[in-house]
Amino acid sequence: MSEQQAVSTGNESGASDFIHEIINADIRRGKYLPQQIRTRFPPEPNGYLHIGHAKAICIDFGIAAEYGGRCNLRMDDTNPGKEDVEYVHAIEEDIKWLGYQWDGQIKFASDYFPQMYEYALTMIKLGLAYVDDQSAEEIRQNRGTLTVPGQESPCRQRSIAENLDLFTRMKDGHFPDGSKVLRAKIDMSSPNINLRDPVMYRILHQPHHRTGSQWCIYPMYDWAHGLEDAIEGITHSLCTLEFEIHRPLYDWFLQPLPVHRPQQIEFSRLSLNYTITSKRKLLRLVQEGHVSGWDDPRMPTICGLRRRGYTPESLRAFVSQTGITKFTGITDASVLENCLREDLNRRASRYMAVLRPLKVCITNYPEGQIDWLDAVNNPERPEDGTRQIPFGRNIYIDQDDFREVPPPKYFRLAPGAEVRLRWGYFITCQEVIKDANGQVCELRCTYDPDTRGGNAPDGRKVKGTIHWVEASHAVTASVRLYDRLFSKENPDDCEEGQDFCANLNPNSLTVLTDCKLEPALAALPPETRVQFERVGYFCSDRYEHQPGLPVFNRTVSLKDTWSKIEKKHA
RNA sequence: AACCCCGUGGUGUAAUGGCAGCACAACUGGUUUUGGUCCAGUUAGUCUAGGUUCGAAUCCUGGCGGGGUUGCCA
């Protein structure tokens, strides 16, 4: 490959999707230099970003970076009634956390209102826009339907002078909300309904979170968006598939104006099974208290995934794996989990934690004596070193690691059985103690002093290794176990008269308050991702975790081969 | 019988007229001081009918199926 070719594409990943093809072609024929490629991520600040936005962010920022170009962050704040600065800040934080940095200052569509207004006057002067007095209802009626053409407005033939006068007075606040709109004069019988004289401006006597009461007319998406892109010199305006049918309008608005002309390219949205990614529905979950907030660890929002313990790297890997296409498929959530486990397996330090404690007394171990054992922090990264963990006469193990009547293939503790304590000794269960209700409440075991560190000098093997925590040093913690928020693959699949809330998984959250942690875990700062050995990946809560009162969220469990074996034999 | 877009294993995605490959999932087996990781393997796919071509997942035509579009939302 010649150097010129390598430079001309600048495509490091070698991706060959249709977006890269278009950009590569533009570069090849000299339309742009690679470093001139400019994209934008244009959220409306009316909600929190979710996993679907993460895809758009990775594509918008990622592609610009590949070519050595730039990507803008632009708030598409053209509808004052729905938008708020709260969302602006949250969006900025989420994008940075994902690992991206926008070019220069954050941009706001509202900053372009004056220029958009001037261009609207130009459109009127060109005879391409007119003021319509019809009500919203009349406009809707006259738009026709998918199969019948629309009717032209009685106002369509107004003179340019009259349109100019009316539009100026619209801007100056002479008319009440809804009394007039500015419309593009295109084609009321177009098979593409977007072209049936779409509204460009509506009257809204509402304060805007940035421009205050400066404006009482606000531009509609189709009119505004292409101009925003043009003003910023966007070369490739990447968006999702539902805007595909708007592209003729995007081009139509820009064509007569003396502006740069970006190219809109559409790709399919990301959908995940067992998940909703609709801002409206997400908002309902928050408002109706089905979750604790936008950043509830069960939410598919970026801040929710973050609090759950997802890494930015795993999210980016996931987006990269699902690819860029025009096919509207549903990705299995296990792909996301796999990306996470792959990342965390590499990075997360291992610790021992007992979630549902069962007391074990090592009867032949001296009272009051503590033995500090060496434990490897991360077998995937020997350079992470080792730490010391206390061992003593009284320890906790997980209730699930003991069965009074062990099922087939059960390798853990049972009456008379010997297991290895991770990093510790072999122990053998000698006695089972039950409470008044007949529940197992304590085990009395013996240990083999010769097996310190986990190996028997006589070469005998034990099949099972279980985790444990020494009782006198254990720190009691709260641990939240999360499961999928919805019990149906498609949460919208519900009975007549019901909605997605009927499919909420009642067991999506389990809070355990008597978990026993090895001491090192309690000393960790908030938002630290770790593995509880044999259990799963956990993250100290971003807001509630304290050294004296640890709070961990389960990010994802470890793959559980045993549960499959157990089911098979059941 | 509107218009636009899209159809490749169960799921997501490569192959740009030349050996249908990858990942996830599922299932075997091996390794293992995490029933994790890792390694090896198995199952399984071009919606359909024609056409063009030496050769079609790829190009053309029809059918079928899916998604989007009838806000003064974005």
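Sequence lines set the chain letters: A, B, ... in the order given, protein chains first and strands last, and positions in each chain run from 1.
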**Student:** I'd like to know if A/Gln531 reaches the base of B/rU34 with its side chain, counting only an N/O donor and acceptor under 3.5 Å.
**Tutor:**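 Result: at least one qualifying N/O pair found.
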**Student:** Considering only heavy atoms and no angle criterion, is a donor-acceptor pair shorter than 3.5 Å present between the side chain of A/Glu380 and the base of B/rG36?
**Tutor:**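 By the distance-only test, yes, there is a pair.
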**Student:** Base, sugar-phosphate, or nothing for A/Tyr425, non-hydrogen atoms under 4.0 angstrom?
**Tutor:** nothing
**Student:** Where the side chain of A/Asn377 meets the backbone of A/Gly385, is there a donor-acceptor pair that is under 3.5 Å apart?
**Tutor:**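 At least one qualifying donor-acceptor pair exists.
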**Student:** Hey, is the side chain of A/Arg350 pairing donor to acceptor with the base of B/rU34 inside 3.5 Å?
**Tutor:** yes
**Student:** Hey, does A/Thr325 reach any base, or is it just sugar-phosphate, or nothing, if we go heavy atoms under 4.0 Å?
**Tutor:** sugar-phosphate
**Student:** Does A/Arg40 pair with A/Glu232 as a salt bridge, N-O distance under 4.0 Å?
**Tutor:**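 Looking at A/Glu232 together with A/Arg40, the answer is no, because their closest N to O distance does not fall below 4.0 Å.
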**Student:** At under 4.0 Å, does any side-chain N or O of A/Lys326 touch on OP1 or OP2 of B/rC4?
**Tutor:** no
**Student:** With A/His467, which residues qualify under ring pair (Phe, Tyr, Trp, His ring centres under 6.0 Å), at least two apart?
**Tutor:**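 Result, ring pair (Phe, Tyr, Trp, His ring centres under 6.0 Å) vs A/His467: none returned.
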**Student:** Wobble G-U and Watson-Crick pairs count when both distances are under 3.5 Å; given that, what is the 5' to 3' dot-bracket string of RNA chain B, with | for pairing to other strands?
**Tutor:** .((((((..((((....[..)))).(((((.......)))))....(((((..]....))))))))))).....
**Student:** B/rG36 base to A/Arg341 side chain: any donor-acceptor pair below 3.5 Å?
**Tutor:**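 Check fails, no donor-acceptor contact within cut-off.
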**Student:** Using the ring of each side chain (for Trp, its six-membered ring), is A/Phe391 parallel, tilted or perpendicular to A/Tyr447, with breaks at 30° and 60°?
**Tutor:**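 It falls in the tilted class, 30° to 60°.
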**Student:** Would you please confirm or rule out a distance under 4.0 Å between OP1 or OP2 of B/rA74 and any side-chain N or O of A/Arg202?
**Tutor:** yes
**Student:** At 4.0 Å (heavy atoms only), tell me whether A/Asp222 reaches a base, stays on the sugar-phosphate, or touches nothing.
**Tutor:** nothing
**Student:** Taking atom types as they are modelled, is there a donor-acceptor pair under 3.5 Å from the base of B/rU16 to the side chain of A/Glu21?
**Tutor:** yes
**Student:** Would you indicate what A/Val181 reaches in the nucleic acid, counting non-hydrogen atoms under 4.0 angstrom: base, sugar-phosphate, or nothing?
**Tutor:**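 The residue A/Val181 makes base contact.
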**Student:** Could you give me the CA-CA distance, side-chain angles and deciding distance for A/Glu44 and A/Lys82, then say whether salt bridge (Lys or Arg N to Asp or Glu O under 4.0 Å) is met?
**Tutor:** CA-CA 9 Å; A/Glu44 181 185 17; A/Lys82 293 187 173 176; over 6 Å; no
**Student:** Regarding A/Phe411, tell me which of base, sugar-phosphate or nothing describes its non-hydrogen contacts under 4.0 Å with the strands shown.
**Tutor:**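 Result for A/Phe411 = base.
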